[in-house]
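Being a predicted model, the structure only gives us computed values, none of them experimental.
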Amino acid sequence: MPPLLHPALPLLLGATLTFRALRRALSRLPLPEHVRADPLRTWRWHNLLVSFAHSIVSGVWAVLCLWQTPEMLVEIETAWSLSGYLLACFSAGYFIHDTVDIVISRQTRASWEYLVHHVMALGAFFAGIFWNSFVGGGVLTLLVEVSNIFLTIRMMMKINNAQHLLLYRVNKLLPWTCPQPTQRQVFDRVRGLQLVARRANTAKNSLTI
């Protein structure tokens with residue numbers, strides 16, 4: 001008899017509730033004066049704080065997943081790892097939380113493009129979570145979260161009317177100043193670094209014998 005509940009459902013629920021709890025905790029932090037004066041800016045500020053936290057964790061996590069399983073760079077449909085699977089559940093929980101947050105805060109009309117993005121992202125993640133396909137593709141899409149760290153900082157500074165600061169101008173240019181390697185170049189670099197690490201471990205072990 002097939003199970004009534006998919007094993008991933010507790011993971012999704014746990015991730016969603018974790019982001020909800022984070023949202024409540026961050027809402028207790030002091031607000032900049034300019035943000036505090038406007039309820040809409042206040043909601044947007046808290047929303048971006050959660051997004052910022054997700055970008056940091058998922059961006060770093062995605063890089064580590066590709067380090068551990070570089071096959072995901074070329075076999076986006078079939079490559080699978082437990083870390084990548086958990087990352088998909090983690091990020092799906094964030095998108096579920098953010099969708100609910102937008103709806104209950106009555107920001108649906110103002111944030112409709114985010115809802116469309118979330119639905120599309122959830123569709124991709126659910127393919128990996130429930131059917132074990134395109135887990136590698138989901139991890140690859142989460143590399144975007146690395147650049148979203150800078151984007152979120154810029155958006156928060158705009159909400160706080162801090163565009164005049166040097167940090168804003170530097171942050172605006174930083175993600176675009178580095179040359180972007182191709183998928184094959186990334187794969188070769190990861191493989192090369194892994195071979196160097198393995199050779200170093202082999203040499204170390206031979207010295208200790």
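Taken from CG in Leu122 to OH in Tyr94, the straight-line distance is 11.0 Å, to the nearest 0.5 Å. From Phe150, atom CZ reaches atom OG1 of Thr152 across 10.5 Å, with rounding to the nearest 0.5 Å. Distance check: Met155 CE to Asn47 CG gives 8.5 Å after rounding to the nearest 0.5 Å. The distance from the CZ atom of Arg154 to the CG atom of Asn148 is 10.0 Å, given to the nearest 0.5 Å. Note that the CZ atom of Arg169 and the CE atom of Met157 stand 9.5 Å from one another [nearest 0.5 Å]. In this structure, CG on Leu142 lies 9.5 Å from CG on Leu66, to the nearest 0.5 angstrom.
At a threshold of 4.5 Å between non-hydrogen side-chain atoms, the residues Ser58 and Leu87 count as touching. Considering only heavy atoms from C-beta on, Ile76 stays 4.5 Å or farther from Met72 through its side chain. Considering only heavy atoms from C-beta on, Lys158 comes within 4.5 Å of Tyr168 through its side chain. Taking the side chain as every heavy atom from C-beta outward, Trp61 and Val139 never approach each other to under 4.5 Å.
Both Phe95 and Phe130 are members of a single hydrophobic cluster when ILVMFWY side chains are connected at heavy-atom separations under 4.5 Å. Following chains of ILVMFWY side-chain contacts shorter than 4.5 Å, one can reach Leu165 starting from Ile149, so the two form part of one hydrophobic cluster. Two different hydrophobic clusters hold Leu140 and Leu64 under the rule that ILVMFWY side chains link at heavy-atom gaps under 4.5 Å. Note: the hydrophobic cluster containing Met120 does not contain Phe90 (ILVMFWY, side chain heavy atoms under 4.5 Å, direct or indirect links). In the hydrophobic cluster analysis, where Ile, Leu, Val, Met, Phe, Trp and Tyr join through side-chain heavy atoms closer than 4.5 angstrom, Leu167 is grouped together with Ile56.
Scanning all heavy atoms of the two residues, the minimum distance from Asn132 to Trp80 falls at OD1-NE1, 3.5 Å. When all heavy atoms of Ala62 and Leu143 are compared, the closest pair comes out as CB-CD2, 4.0 Å. Contact detail for Ser55 and Glu145: the closest heavy-atom pair is OG-OE1, 2.8 Å.
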Side-chain donor-acceptor pairs of residues 110-119 under 3.5 Å, sequence neighbours excluded:
residue : atom : partner : partner atom : Å
Ser111  : OG   : Gln107  : O            : 3.3
Tyr114  : OH   : Arg44   : NH2          : 2.8
His118  : ND1  : Tyr114  : O            : 3.1
His118  : NE2  : Asp98   : OD2          : 2.6

Return a table of donor-acceptor pairs under 3.5 angstrom between the side chains of residues 8-28 and protein atoms on other chains or two or more places apart.
residue : atom : partner : partner atom : Å
Thr16   : OG1  : Leu12   : O            : 2.8
Thr18   : OG1  : Gly14   : O            : 2.7
Ser27   : OG   : Arg24   : O            : 2.6

Between side-chain atoms of residues 29-38 and protein atoms elsewhere (two or more places apart, or another chain), which donor-acceptor pairs fall under 3.5 Å?
residue : atom : partner : partner atom : Å
His34   : NE2  : Arg41   : NH1          : 3.4
His34   : NE2  : Asn161  : ND2          : 2.8
Arg36   : NH1  : Leu31   : O            : 2.8
Asp38   : OD1  : Leu40   : N            : 3.0

Practice item. Show your reasoning for whether side-chain contact (heavy atoms from CB on, under 4.5 Å) applies to Thr141 and Phe125. Key: CA-CA 10 Å; Thr141 62; Phe125 287 129; 4.3 Å; yes
